[in-house]
Amino acid sequence: MAATQDIVGHIHRVNALKNLAEKMGQMPAIHQLQQWQCERLLVTHSDLAQQPAYQQAMAFFVEELYGPKDFSQRDADIARVVPKLAKVLPNTAMNALNDALALNALSFELDQKMVSALEGKSLHDEPRNNDIYAMAYRQVGEQEARERQIAIIRDLGHQLADVINIRGIGMLIPLSRRPAKLAGLLSLHEFLQRGYETFKKLGDVNSFIDPVIAREEQIMLQLFQTNFDLETENPIPHVPTL
């Protein structure tokens, strides 16, 4: 089971990174980058995003696990009650929570480095924004961190697949809404409930996660090729102007 100190550590890490980004005036650029990357994911996986069976899962990923949404209230809720959560939630659920927070912290760190590499360049209103992004991605490097990012997404998918099969979890989450609201934990509860409902509806989680992981790994490997030809080998699609 994920240690409670690991979970709190991820929250403290992302908060420290955000404080630094705010002092450097990077937060608006980071939010724009995150929004662009969400749009890129929807373009890359458009075949999945357009299938009714996968639409809710794709939306949950780009809105609740990644993207420019402010997760500070949810994270503050978790940090406040994580010792109690560890006593009532199954190990698999705690591991999934740890993966979600680890992904958030790592992604923010990489986004901050991307914003530094993109300084003076815009991904918006640019006909070749995919090329600008690809060059910044290669400039940042961090292949091991990128591999870890994808591995966490894979693990999180498998953890969520196990969580939805825990006996009684489907009754526990709705029943806990009112106590969560009274305790000031509504943001955390809504995140857990939406995650459960999304992946319960999905059913076969691997049918969604596996193709996403395979494509993202292929994109990463292509971008880190030594003899990368931007003109002919860029796997990043052009993202229409927001």
Is it true that a side-chain atom of [X] and a backbone atom of [Y] form a donor plus acceptor pair closer than 3.5 Å?
X: T44; Y: L41; value: no
X: R40; Y: V239; value: no
X: N104; Y: A100; value: no

(message) Using a strict threshold of under 4.0 Å (side-chain N to carboxylate O), is an ion pair present between K113 and E119?
(response) no
(message) Check this for me, if you would: do E217 and R154 make a salt bridge, where the nitrogen-to-carboxylate-oxygen distance has to be below 4.0 angstrom?
(response) yes
[X] [atom1] to [Y] [atom2] distance, which is reported to the nearest 0.5 Å:
X: I236; Y: Q222; atom1: CD1; atom2: CD; result: 9.0 Å
X: I150; Y: M220; atom1: CD1; atom2: CE; result: 4.5 Å
X: M58; Y: L42; atom1: CE; atom2: CG; result: 6.0 Å
X: K18; Y: Q112; atom1: NZ; atom2: CD; result: 11.0 Å
X: L97; Y: L156; atom1: CG; atom2: CG; result: 9.5 Å

(message) Given D155, which partner from the list L103, N95, D99, N98 fulfils the side chain to side chain contact (heavy atoms under 4.5 Å, CB included) test?
(response)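 Going through L103, N95, D99, N98 one by one, the side chain to side chain contact (heavy atoms under 4.5 Å, CB included) with D155 is satisfied by D99 alone.
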(request) Could you give me the CA-CA distance, side-chain angles and deciding distance for E216 and Q149, then say whether side-chain contact (heavy atoms from CB on, under 4.5 Å) is met? (result) CA-CA 10 Å; E216 292 302 312; Q149 185 182 36; over 6 Å; no
(message) Is there a path of hydrophobic side-chain contacts, each under 4.5 Å between heavy atoms of I/L/V/M/F/W/Y residues, joining I132 to V43?
(response) no
(request) Tell me whether I152 is reachable from L221 by hopping between hydrophobic residues (I, L, V, M, F, W, Y) whose side-chain heavy atoms are closer than 4.5 Å. (result) yes
(message) Are more than 12 heavy atoms, taken from residues, nucleotides or ligands other than Q225, located less than 6.0 Å from that residue's CD atom?
(response)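 Yes - once you tally the heavy atoms of other residues, nucleotides and ligands closer than 6.0 Å, there are more than 12.
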(message) For H31 and M27: C-alpha separation, side-chain torsions, deciding distance, then whether side-chain contact (heavy atoms from CB on, under 4.5 Å) applies.
(response) CA-CA 6 Å; H31 287 155; M27 288 305 296; 3.5 Å; yes
(request) Decide whether E147 and Q143 meet the rule of one side-chain donor and one side-chain acceptor closer than 3.5 Å. (result)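 Result is yes, a qualifying pair exists.
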(request) Consider only side-chain N and O atoms of S116 and Q26, and report whether a donor and an acceptor are under 3.5 Å apart. (result) yes
With heavy-atom distances below 4.5 Å as the criterion, would you say the side chains of [X] and [Y] are in contact?
X: C38; Y: F61; result: no
X: Q32; Y: Q35; result: no
X: I30; Y: F108; result: yes
X: N227; Y: E233; result: no
X: Y133; Y: L33; result: yes
X: N234; Y: L223; result: yes
X: V205; Y: H158; result: no
X: N130; Y: P237; result: no

(request) Would you sort out whether R215 and D47 count as a salt bridge (Lys or Arg N to Asp or Glu O under 4.0 Å), showing the intermediate values? (result) CA-CA 12 Å; R215 293 171 190 175; D47 59 327; 2.7 Å; yes
Where is the tightest heavy-atom contact between [X] and [Y], given as atom of each residue plus distance?
X: P211; Y: L48; answer: CG-CD1, 4.1 Å
X: A145; Y: L110; answer: CB-CD2, 4.0 Å
X: P235; Y: I219; answer: CG-O, 3.8 Å
X: G141; Y: F224; answer: O-CZ, 3.2 Å
X: N129; Y: W36; answer: ND2-NE1, 3.4 Å
X: A49; Y: Q55; answer: O-CG, 2.8 Å

(message) Walk me through whether T232 and D229 qualify under side-chain contact (heavy atoms from CB on, under 4.5 Å).
(response) CA-CA 6 Å; T232 62; D229 186 344; 3.2 Å; yes
(request) Go through the steps for L106 and H10 under the test side-chain contact (heavy atoms from CB on, under 4.5 Å), then give the verdict. (result) CA-CA 9 Å; L106 178 58; H10 298 317; over 6 Å; no
